[in-house]
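These values consider heavy atoms only, across backbone and side chains, with no hydrogens, waters or symmetry-generated copies. Here is the naming used below: chain letters follow the sequence lines, and residue numbers restart at 1 for every chain.
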There are 2 protein chains.
Amino acid sequence: MPATLRDVARLAGVSPSTVSRALSLPDMVNVDTRARVAVAVERLSYEPNRAARGLITGRTGNVGLVVPDVANPFFASVVKGVQARARQDDVAVFVADTDEEPAVEARLFRALAKQVDGLILCSPRSSAEDLSAIAAETNVVLINRGVRGLTGIIFDDEDAMRQAMAHLAALGHRRIAWVSGPEASWSSQHRTAGLRAAATARGVELIEVGSFAPTYEGGVAAADQAVATEATAVVAYNDLIAIGLLSRLHARGISVPDDLSVLGVDDVEMSRMAIPALSTIRMPQQRAGQIAVETLLGLITMPEAMPPLRRSNALTGELIVRNSTGPAPSPKG
Amino acid sequence: MPATLRDVARLAGVSPSTVSRALSLPDMVNVDTRARVAVAVERLSYEPNRAARGLITGRTGNVGLVVPDVANPFFASVVKGVQARARQDDVAVFVADTDEEPAVEARLFRALAKQVDGLILCSPRSSAEDLSAIAAETNVVLINRGVRGLTGIIFDDEDAMRQAMAHLAALGHRRIAWVSGPEASWSSQHRTAGLRAAATARGVELIEVGSFAPTYEGGVAAADQAVATEATAVVAYNDLIAIGLLSRLHARGISVPDDLSVLGVDDVEMSRMAIPALSTIRMPQQRAGQIAVETLLGLITMPEAMPPLRRSNALTGELIVRNSTGPAPSPKG
DNA sequence: CCTCAGTCTGCAATCCGTTGCAACTCACTG
DNA sequence: CAGTGAGTTGCAACGGATTGCAGACTGAGG
């Protein structure tokens, strides 16, 4: 039903090859011919069939995006960023959700790999080997994950923690609790390291509290332990945990920020909706998605010209001060 | 690089057509032949090239999903549902985000239509004409939107409002405020109608408060007007608005639910994280996504056998009582 | 007038599966 | 022993676009 290349050719009175060239290599064809073709294309509202083109060029014009959970606001933002940037270049994006099950991932990666020119992976859990294996099959850009030899977009977790510490120290906090995320998580490791370094640098006492699920429930669970440290401020691995903390603290009648300051990381949508509105370090998630697309597109067109992961161009966060952090309470007595 | 049908044929010592049939019409080929093919397929880890297949069958094995905003938790859940169900049938899904700009939609729809067997559209804003136009080009299933002649998955908004009213009436509320969503929104219209009917049925006084953006900010903006109605309970068009209400009420020192009850609709992730945890009517978003896929797949394979929208199989909501609703305060004096 | 380079265009092969049709085998019937 | 039919398999065309190669045409130069 939709017009084909031949239809256009017939209408324009030229051969199919000419039409093809008029569209993809415009300056290989005569100006008038090109104009005639353009008219025909317009009249038939012709659009090349991507499958047919892909068959011969080997390019699909699609990319895949895999995230652990689209309902997690952090990843939702990444999706949005990828989305928006991809549209600019007319590439469509397959989105897949692994439901946080690493087992699903491998199968999923394979299935997707066939249908795309490249993959953007947010895969905090998968092993470096698995990731490398996929990268052998198709172009891959990682987000928030560093794997030797692979290209990745990362956030500057160390710097974020430095900012966190600077903010809290300035408020007079000298004893700070850290609620870490999953041990296997790349960024949790980096945040922990960054925070330790920053604490040492400022002579602040850092008490690390277990390792918790990066969720609201994780935060609820962590709250009592955080309180027990007798710290005057707590920084959470991410906003979801921080919001869980807020909830439990409220239930226990502990006032934030008067009794205890809470600082999150990420700045997901809902952070500003929390009560009190959550202070946090904003990580540019949409921008990460956008850059991931650009990098991937580069990787696709110029295979070997792309630099692997470089720490130096990690995306830096930005301190967002809202109402969950305040001056350290003066020591009683 | 990856193995083709011919490679398999050669290895199995049969013709390509036989391999093709062995895979797609297994009982048309002899058992031993089939076995030989299976071995070859296995050894080469062959996977049919979808583009090539699509070229001749006219099917791509892909579906498209368009939502106004993936970062909105309501739509994120829908995406998740679609996602999960689609994977079961090995169909990949293109996800596109219109950024709430109806202008983008038309272009986007067209672009996607070429590459998929069908489209699932969450498009509260687009006009019925635009939607019908797309439906003429490809298979379409609407979510949360009824358009004459098109297939759609809808929520039973009237019933949801009946449940809302039953809950609040049981708590003794006799004067209730309704914060509606965008006027153009299909579901806002239905919820308004449903609530009116339920209020009348129970002899409850319903005060309608303007029309607000279906966002946190919308809720913040609506709060003072809701308070001014002197209602003892307010039901919000959706949870996001309800959470905005909560925030502003907290700021004004109005206690929820002691002074005022707040009830949302949807039950998005973050509702249980609100303080106080939000009572709401849960709308089965993931299930809607899942059913949308099933319906679409049906539409694709059996073009004319699908019934259009039927009010009777709308998805019903479920009352989730948390802490934002309580007994009506006894009249002072 | 012929040659040669330079432009532009067309032919035909190709990408990889699918499928209508024909052919062939084999067993069985009449 | 010819004939019928079911069960298998192969041939070849096809879908829609791209591209190497060759041919046509133009104009300049000899």
Side-chain angles (χ1 to χ4, degrees), chain A residues 1-41 44-62 90-92 111 113-117 300-301, chain B residues 1-41 44-62 90 111 113-117 300-301:
Chain A
M1 191 87 270
T4 76
L5 192 65
R6 279 159 235 277
D7 298 332
V8 177
R10 205 171 312 126
L11 183 59
V14 298
S15 82
S17 13
T18 301
V19 176
S20 174
R21 280 188 275 255
L23 296 177
S24 45
L25 307 160
D27 34 37
M28 255 190 78
V29 339
N30 188 298
V31 212
D32 332 347
T33 321
R34 203 192 307 164
R36 284 221 309 291
V37 169
V39 176
V41 164
L44 300 174
S45 64
Y46 165 78
E47 296 235 19
N49 177 319
R50 289 212 184 199
R53 170 183 293 170
L55 197 50
I56 191 150
T57 61
R59 292 261 180 79
T60 62
N62 302 328
D90 243 324
V91 332
K114 313 273 174 190
Q115 309 187 58
V116 301
D117 298 335
I300 291 167
T301 52
Chain B
M1 192 83 273
T4 78
L5 192 64
R6 279 159 233 279
D7 297 331
V8 177
R10 205 171 311 126
L11 183 58
V14 298
S15 81
S17 13
T18 302
V19 176
S20 174
R21 279 188 277 254
L23 297 176
S24 45
L25 306 161
D27 34 36
M28 254 191 77
V29 338
N30 188 297
V31 212
D32 332 348
T33 322
R34 204 192 307 163
R36 281 223 309 291
V37 170
V39 176
V41 164
L44 300 174
S45 64
Y46 166 78
E47 297 236 16
N49 177 321
R50 288 212 184 200
R53 170 182 292 170
L55 197 51
I56 191 151
T57 61
R59 294 261 180 80
T60 62
N62 302 328
D90 242 325
K114 314 272 174 192
Q115 308 187 59
V116 300
D117 299 335
I300 292 169
T301 52

Five pairs at each end of the helix from C/dC1-D/dG30 to C/dG30-D/dC1: take the axis at both ends and give me the angle between them to 10°. 70°

Taking only residues two or more places apart in sequence, or in another chain, which ones meet A/R6 in a salt bridge (charged side-chain N to carboxylate O under 4.0 Å, His left out)? none

Nucleotide interval of DNA chain D bounded by contacts with chain B (heavy-atom cut-off, under 4.0 Å): D/dT8 to D/dG16

Residues of residues 8-21 of chain A with any non-hydrogen atom less than 4.0 angstrom from an atom of DNA chain C: list those, numerically ordered, please. A/V14, A/S15, A/S17, A/T18, A/R21

Sequence neighbours excluded, the answer for side-chain contact (heavy atoms from CB on, under 4.5 Å) partners of A/T33 is A/V14, A/T18, A/V29, A/N30

N/O donor to acceptor pairs below 3.5 angstrom from side-chain atoms of residues 44-51 of chain A, sequence neighbours left out:
residue: A/N49; atom: OD1; partner: A/A51; partner atom: N; Å: 2.8
residue: A/N49; atom: OD1; partner: A/A52; partner atom: N; Å: 3.0
residue: A/R50; atom: NH1; partner: A/G61; partner atom: O; Å: 3.2
residue: A/R50; atom: NH2; partner: A/D90; partner atom: O; Å: 2.7

Strictly below 4.0 Å, heavy-atom distances to any atom of DNA chain D: list the hits from residues 48-55 of chain A, or just say none. A/P48, A/N49, A/A52, A/R53, A/L55

Looking at every non-hydrogen atom in both residues, tell me the closest pair between A/R36 and A/G13 and how far apart they are. NH2-O, 4.0 Å

Tell me the interatomic distance from B/R59, atom CZ, to C/dT19, atom P, rounded to whole angstroms. 10 Å

Could you list by number each residue of residues 24-39 of chain A showing a heavy-atom separation from DNA chain C of less than 4.0 Å, or answer none if no residue does? A/M28, A/V29, A/N30, A/T33

Closest approach of B/T301 to B/R59 (non-hydrogen atoms, all atoms of both residues): CA-NH2, 4.2 Å

Working to the nearest 0.5 angstrom, can you tell me the gap between B/L25 CG and B/R34 CZ? 11.0 Å

Salt bridge (Lys or Arg N to Asp or Glu O under 4.0 Å) contacts in which one or both residues fall within residues 8-28 of chain B, not counting sequence neighbours: B/D7-B/R10

What pair of heavy atoms forms the shortest contact from B/V8 to B/V41, and how long is it? CG1-CG2, 3.8 Å

With A/D117, which residues qualify under side-chain hydrogen bond (donor to acceptor under 3.5 Å, both in side chains), at least two apart? A/T60

Protein-nucleotide distance (B/L5, atom CG; C/dG17, atom P), rounded to Å: 5 Å

Nearest heavy-atom neighbours spanning B/V37 and B/A22: CG1-CB, 3.9 Å

Is there a donor-acceptor pair under 3.5 Å between the side chain of A/S20 and the backbone N or O of A/P16? no

